[in-house]
Amino acid sequence: MNTDFLRAQTPACQNLIHFNNAGASLSPQPVTDALFEHLLLEQRIGGYEAGEVTLDAQENFYHAFGRLLNCNPREIAYIENATRAWTLLLQALPLAHGDRIITGQSEYASNYMTLLHLAKTRDIRIDVIPNNSDGQICLKTLSDRIDEDVRLIALTHVPSQSGVIHPAAEVGKIARKHRIFYLLDACQSAGQIDLNVDDIGCDMLTGSGRKYLRGPRGTGFMYVRQSTQDFLEPPSVDLHSASWTRKDSYTFRDDARRFENWEHFVAGKIALGAAVDYACDLGMPAIEDRTCTLAALLREKLRQLPGVLVHDQGQRLSGIVTFSCDGQDASAVHKALRQHHINTSIARHQTNLLDFSSRNLPDINRASVHYYNTEQEVDTFCQVLSAQR
Ligand SMILES: Cc1ncc(COP(=O)(O)O)c(C=O)c1O
């Protein structure tokens, strides 16, 4: 990987250290170019007319994700963000009174609240599987809790508030064995971990564009396995997701686009397709390797700083590094780093109630690296942090 070249294509690298890739990463120049080109075309010739002449670039979105996830382009839909994609799929599942959904301790706040909403409105029961002492979802407890009422396993692959990579493929084996629907939130793993939906064994997978994929904000996607699509009833319909066949009937499309809206952010979709191509051209195994290696280096250096505690647990760790500085409020640390042009974020107790209550954690700091960050930046980060103490 030619880091100098990749950084030259990421102009902000000259001015700041961006360790907030789990929030939103920096887009490379070709992605920003694709976005602007389409917006300028809309300005020049009109929105609908620009849409007509860029059909190939729009179609590329589906092919790019097919390559990223090892699936058929017909199994991909463009959705404006990960939460929306996840909610649409949950609403589409054939769930009824008394059904159980199994989820994990590290679940993302909006995902878990959507489950709570579903429990309230459809009388569904939710079962949270705790993490084991390694910090990963306990596969034995998961297997033990399965009975004939369990209809869905809904899991976050890489949580936003800790470095763990949950064993998604092992969970997939359990879901397949018991013929249970399996929905994976890949919001933090897409673009940082090499994903293959067949190896994982999931029926559905969701994510957003702005995080490790380096796409624009306000973009996202979903994957729905072809054989699962017929079991799902999309919660809404429009003239793109379905055809109005007779006066009193309509038919949904026979691909994942049945979950899309006709009106959407066309420039964002084209640019996200370009971002996925960019990642695939670099090679996902190389991206994963560099990102996880850099994060391991950061953890190692942080552990050497007096009074700094690293909180990541797990057999397999991602580019997300969580830590706290003894005696210092997470907001103060975040702010001090920002004053030195270092972007990080905060993982808050209130938005991670299940996980942080069981680990007895307050708000903590999060530094999330990507392949375009450098060892030098890791050193500078630790020096600045150390000087604050
Ligand atoms: C693990 C995880 N899932 C889902 C989401 C929600 O993504 P979005 O804001 O695109 O809806 C996030 C956002 O941070 C996340 O970290």
Side-chain angles (χ1 to χ4, degrees), residues 18-25 27 65 77-91 103-117 128 131 135-137 153-168 171 182-193 195 200 202 204-223 259 261 264-265 268-269 271-272 275-276 291 295 312 314 316-322 343-356 363-370:
H18 191 69
F19 281 3
N20 191 14
N21 295 289
S25 62
S27 291
F65 271 99
Y78 173 85
I79 310 287
E80 66 265 34
N81 60 57
T83 304
R84 176 62 62 206
W86 209 80
T87 307
L88 283 171
L89 288 168
L90 270 182
Q91 287 171 342
T103 190
Q105 167 184 327
S106 325
E107 206 53 33
Y108 185 68
S110 304
N111 294 359
Y112 191 70
M113 286 193 291
T114 305
L115 291 180
L116 291 178
H117 185 62
V128 179
N131 291 339
Q136 300 184 170
I137 185 164
I153 299 175
L155 184 72
T156 293
H157 192 192
V158 172
S160 96
Q161 74 283 3
S162 91
V164 68
I165 304 173
H166 285 298
V171 173
Y182 178 23
L183 164 60
L184 188 70
D185 173 339
C187 198
Q188 295 292 358
S189 52
Q192 91 157 293
I193 307 293
L195 299 174
I200 293 171
C202 57
M204 299 156 281
L205 180 146
T206 54
S208 53
R210 72 185 183 280
K211 295 181 183 288
Y212 278 89
L213 283 171
R214 308 186 67 191
R217 290 198 65 175
T219 62
F221 67 95
M222 72 163 66
Y223 154 81
F259 285 98
N261 291 320
H264 63 284
F265 182 24
K269 177 175 169 181
L272 180 51
V276 173
T291 306
D312 304 318
R316 215 178 138 205
L317 296 176
S318 75
I320 297 177
V321 177
T322 57
N343 293 346
T344 58
S345 61
I346 300 171
R348 298 199 182 275
H349 181 98
Q350 196 54 38
T351 45
N352 296 289
L353 282 176
L354 295 178
D355 196 18
F356 279 17
D363 293 356
I364 57 176
N365 295 96
R366 180 181 77 175
S368 44
V369 298
H370 213 329

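Atoms within a ligand are numbered from 1 in the order they appear, just like the ligands themselves.
A donor atom on one side chain and an acceptor atom on the other are not found under 3.5 Å apart for Q136 and N131. Looking only at atom types and distance, the side chain of D312 has no donor-acceptor partner in the side chain of S162 under 3.5 Å away.
When all heavy atoms of V158 and I193 are compared, the pair lying nearest together is CG2-CG1, 4.4 Å.
Counting protein heavy atoms only, atom 14 (O) of ligand 1 is closest to K211 NZ, 2.9 Å. Residue, atom and distance of the protein heavy atom nearest to atom 3 (N) of ligand 1 are D185 OD2, 2.6 Å. Nearest protein neighbour of atom 11 (O) of ligand 1, counting heavy atoms only, is T83 OG1, 2.6 Å. The nearest protein atom to atom 5 (C) of ligand 1, hydrogens excluded, is given as Y108 CE2, 3.3 Å; this is a heavy-atom distance. The single protein non-hydrogen atom nearest to atom 9 (O) of ligand 1 is R210 NH2, 2.8 Å, given as residue, atom name and distance.
Here the options are N365, T344, I320, the test is side-chain contact (heavy atoms from CB on, under 4.5 Å), and the partner is F19; only T344 passes.
The atoms of ligand 1 that sit less than 4.0 Å from any heavy atom of T156 are 1 (C). Close contacts of ligand 1 with S208, meaning ligand atoms under 4.0 Å from a residue heavy atom, involve 10 (O). Ligand-side atoms of ligand 1 in range of V158: 1 (C), range being under 4.0 angstrom from any heavy atom.
The side chain of C187, and not its backbone, has at least one atom closer than 4.0 Å to an atom of ligand 1 (non-hydrogen atoms only; side chain from C-beta on).
For the atom pair OH of Y223 and CE of M204, the computed distance is 9.5 Å after rounding to the nearest 0.5 Å. With values rounded to the nearest 0.5 angstrom, H18 atom NE2 is found 5.5 Å from N343 atom CG.
Taking H117 as the reference, nothing meets the ring-ring contact (aromatic ring centres under 6.0 Å, His included) condition, with sequence neighbours excluded.
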